[in-house]
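Presented below is the structure to which this report refers.
Throughout, protein chains are lettered first and strands after them, A, B, ... in sequence-line order, and every chain is numbered starting at 1. All figures in this text were calculated on a predicted structure; none of them were measured in a lab.
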Number of protein chains: 2
Amino acid sequence: MLKKERQAYILHQVNLHNKVLSSLLCSEINVSEDTIRRDLQELAEEGKVIKVHGGALSQSFNEVHFPSNAVYSQNQKKKIAQKAIGLISNGMFILTSGGTTILEMARSLPPQLKATFISGSIPAILEYMHHPNIEVILIGDKISKNSKITVGSEAIAKIRQMKADICFLGTNAIDIKQGVTDNDWDVVQLKKAMIESCKKVVCLAIAEKVNTVQPIQVCGLNDINTLITELDPGNPVLQPYVEAGIEVL
Amino acid sequence: MLKKERQAYILHQVNLHNKVLSSLLCSEINVSEDTIRRDLQELAEEGKVIKVHGGALSQSFNEVHFPSNAVYSQNQKKKIAQKAIGLISNGMFILTSGGTTILEMARSLPPQLKATFISGSIPAILEYMHHPNIEVILIGDKISKNSKITVGSEAIAKIRQMKADICFLGTNAIDIKQGVTDNDWDVVQLKKAMIESCKKVVCLAIAEKVNTVQPIQVCGLNDINTLITELDPGNPVLQPYVEAGIEVL
DNA sequence: AGGGTTTATGCGTTTTTGTGCGGGAATTTA
DNA sequence: TAAATTCCCGCACAAAAACGCATAAACCCT
C-alpha cells in the first residue's frame, strides 16, 4: 500500500468516525505504529486532522464541541427568545425562572411591551429592570449564591398566592418519560410552585437538552402546555412531544 | 476514549446543564475521579469552565455584572464604610437600605465575616452575593426602576415582621431640626419600616449631606442611635448631634 | 548499468503522557 | 464538632511518542 493511499484511507476514517486510534490503524493496515504516527503527523501539519495522544480527531471537533463565543449557543437561544416573545401580549402577568435562555428572552423584549414580569432570579431581574415599560416584581427570600435565585418557603408561598397568565421555564432537561428534570433542589421547588401558579406553562429548551435527563424531577410532560426549541416544529425529534399533546413551537 | 474527546464531552455537559459533578461524570465515563478532576482543572485553566468543589460550573452562567467603581466621593465613603464595619459582629442580622455609601460598605466587608444581610436594594444585594460567608435575604416586591429597590406594602410588611440587630441607612440629608429626610416617597416608606424593625439605627452620611434637608421626612433625630461621617467625631459640625444624644463616629 | 542520493519503513531505546491508587490535607455537611 | 467528601501530592505503571539508526526500495544522473 502506497503512502498517499494509506493517508487517504486514514483521512477517510477520521472524517467518518471523528476519531482514529493509531493502535487500531496499524493492525488494520499492517504497518508499524511509527508509520501511522508519521502519517498522522503529516496530516496534522497540513491541517487535515488534529493529532492527539493515542490517535487523531476530526477537525470538526474544534468547531462543534468547543464553542468559542462567550454565551453558549446564543444564536439558538435568540431564536427561542423570539418564539417565546410571540406568546406575550400587553397587560400580561408573566412568571419566569432563571437561566441563560430566559436572559436572552429578557434582552429581546420589544421596548413598547407593557407587561408585568415576576421572578426570583437576580440576573433575570437585572435585565427586566432595563426595560422602560415593564413592571418588575421581585420574589424575595434567602438568596442561593450558586443559582443566583431566591429560594425558600417565603418565595414559594409568595408564588403560590399568584395566578399569572403564563410561565416561562428555562429548561435544563426534558424527556418523554421523565418529563422536565433539573439538577438543583431549590430551583426545582421554585419551578414547581411556578407551574402551579399560572394558567399556561411554557418550556424553553435548546434542542440539545431535549431527550436528556437530570436527577430531580420538576414536573411530568402533562403539566406543560408548550415547548419551544430553536428547531422547526415539524422536526422528527419533537414529534413525540406533539403526540403527547404538547404545543410545539 | 481519548483525553481530548473526554474533555469535549465534559465541556458539552457543562454548557448544556450549567454544572457537572465529578462524581457523576466519573461513573458516566468510567474513569477515575482523579482523571475527571484533572480534566476539569485543565478546562478551568483554559477558561472554559469554572472549577468548584465537587465539580464545575459553566462560564457563561457566571458572567458577573461588575457595578461601576466610579462612585462619587469614594474615599470619604470608604472611610465611612470602615467605621460602619466596626459595628458589625459575627452572627448579626443586619438591615440595610441602598445608596452608594452602603455599596461601599458591602464591598469592604471582611471575607471571614459571618452575618445575615437583609435588603431590598438590588445593587446592594449584588455586592452581598459576592461575599463567601454572608447570608443574603432579599426583600421582594415591585421594583422601583429609578431607585433600584423593591418598594410597596409587601416589602414593608416583610420588614415589619423582622427584628434585626442593626440597621444601616444610606442617608440623603440629615439636619438638627428636620432629622433624616429624603426625596423619594417609596424609599422613605421602606426606611421608616426598617427603623422600626431593628434595635439600633445607624445613619451613614458624607459630610456634605450633614445639615441639609430634603422634602420628605424619614424620622426625627431621636429615632437614630448612631451617625457616621468621614469626619473626626470631634469636628464642630457634628457637635450639635452629639449634644442631641447621638453616638457620632 | 551502476553508484550516489533521496524516501519510506521498521526496530530498539529512551522520554513523555495519561491514568489509577493511596494517604493525608482541606472543605463541606450534618 | 464530627463525619463524610473532595482535593492534592507523589508514586507506579503502561501506553504512546520521540529519537537514532539500519535497511531497502525508488529515483536520478552520468
Item to check | side-chain hydrogen bond (donor to acceptor under 3.5 Å, both in side chains) partners for B/Lys3, two or more places apart | outcome: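 B/Lys3 satisfies side-chain hydrogen bond (donor to acceptor under 3.5 Å, both in side chains) with B/Glu42 only.
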Item to check | Side chains of B/Met162 and B/Ile139 in contact at under 4.5 Å (non-hydrogen atoms) | outcome: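 They are in side-chain contact.
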Rounded to whole angstroms, how far apart are [atom1] on [X] and [atom2] on [N]?
| X | N | atom1 | atom2 | result |
| --- | --- | --- | --- | --- |
| B/Glu33 | C/dT27 | CD | C1' | 14 Å |
| B/Arg37 | D/dG10 | CZ | C1' | 15 Å |
| A/Gln41 | C/dT16 | CD | P | 16 Å |
| A/Asp34 | C/dT14 | CG | C1' | 13 Å |
| A/His53 | C/dG18 | NE2 | P | 6 Å |
| B/Ile36 | C/dT19 | CD1 | C1' | 12 Å |
| A/Ile29 | C/dG10 | CD1 | P | 11 Å |
| B/Leu21 | D/dT5 | CG | C1' | 12 Å |

Below 3.5 Å is the cut-off: list the nitrogen or oxygen pairs between protein and nucleotides 1-4 of chain D, distance only.
none

Checklist entry - For A/Arg38, what residues pass the salt bridge (Lys or Arg N to Asp or Glu O under 4.0 Å) criterion, not counting sequence neighbours? => result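 Salt bridge (Lys or Arg N to Asp or Glu O under 4.0 Å) check on A/Arg38 returns nothing, list empty.
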Checklist entry - Does A/Asp223 have any salt bridge (Lys or Arg N to Asp or Glu O under 4.0 Å) partners at least two apart in sequence or in another chain, and if so, which? => result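 A/Asp223 satisfies salt bridge (Lys or Arg N to Asp or Glu O under 4.0 Å) with no other residue.
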Checklist entry - Is the backbone of A/Ile216 close enough, under 3.5 Å, to the side chain of A/Asp182 for a donor and an acceptor to pair up by distance? => result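 Judged by distance alone, no pair lies under 3.5 Å.
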Item to check | Shortest non-hydrogen contact between A/Val49 and A/Leu40, atoms and distance | outcome: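 A/Val49 and A/Leu40 have their closest heavy atoms at CG2-O, 4.0 Å.
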Item to check | Which atom of A/Asp141 lies closest to which atom of A/Ala155, heavy atoms considered | outcome: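 For A/Asp141 and A/Ala155, the tightest heavy-atom pair comes out as OD2-N, 2.9 Å.
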Next on the checklist: Among residues at least two apart in sequence or on other chains, which ones pass side chain to side chain contact (heavy atoms under 4.5 Å, CB included) with B/Asn30?
Outcome noted: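 Testing B/Asn30 for side chain to side chain contact (heavy atoms under 4.5 Å, CB included), a comparison that skips the adjacent residues, returns none.
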Checklist entry - Checking all strands, does A/Lys4 fall into the base, sugar-phosphate, or nothing category for heavy-atom contacts under 4.0 angstrom? => result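 A/Lys4: no heavy atom of the nucleic acid under 4.0 Å.
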Next on the checklist: Hydrogens and angles aside, do B/Thr116 and B/Glu135 bring a side-chain donor and acceptor to less than 3.5 Å of each other?
Outcome noted: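 No.
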Polar-atom pairs under 3.5 Å, protein N or O versus N or O of nucleotides 6-9 of chain C: list them with distances, or write none.
{"unit_1": "C/dT9", "atom_1": "OP1", "unit_2": "A/Arg6", "atom_2": "NH1", "d": "2.7"}
{"unit_1": "C/dT9", "atom_1": "OP1", "unit_2": "A/Arg6", "atom_2": "NH2", "d": "3.4"}
{"unit_1": "C/dT9", "atom_1": "OP2", "unit_2": "A/Arg6", "atom_2": "NH2", "d": "2.9"}

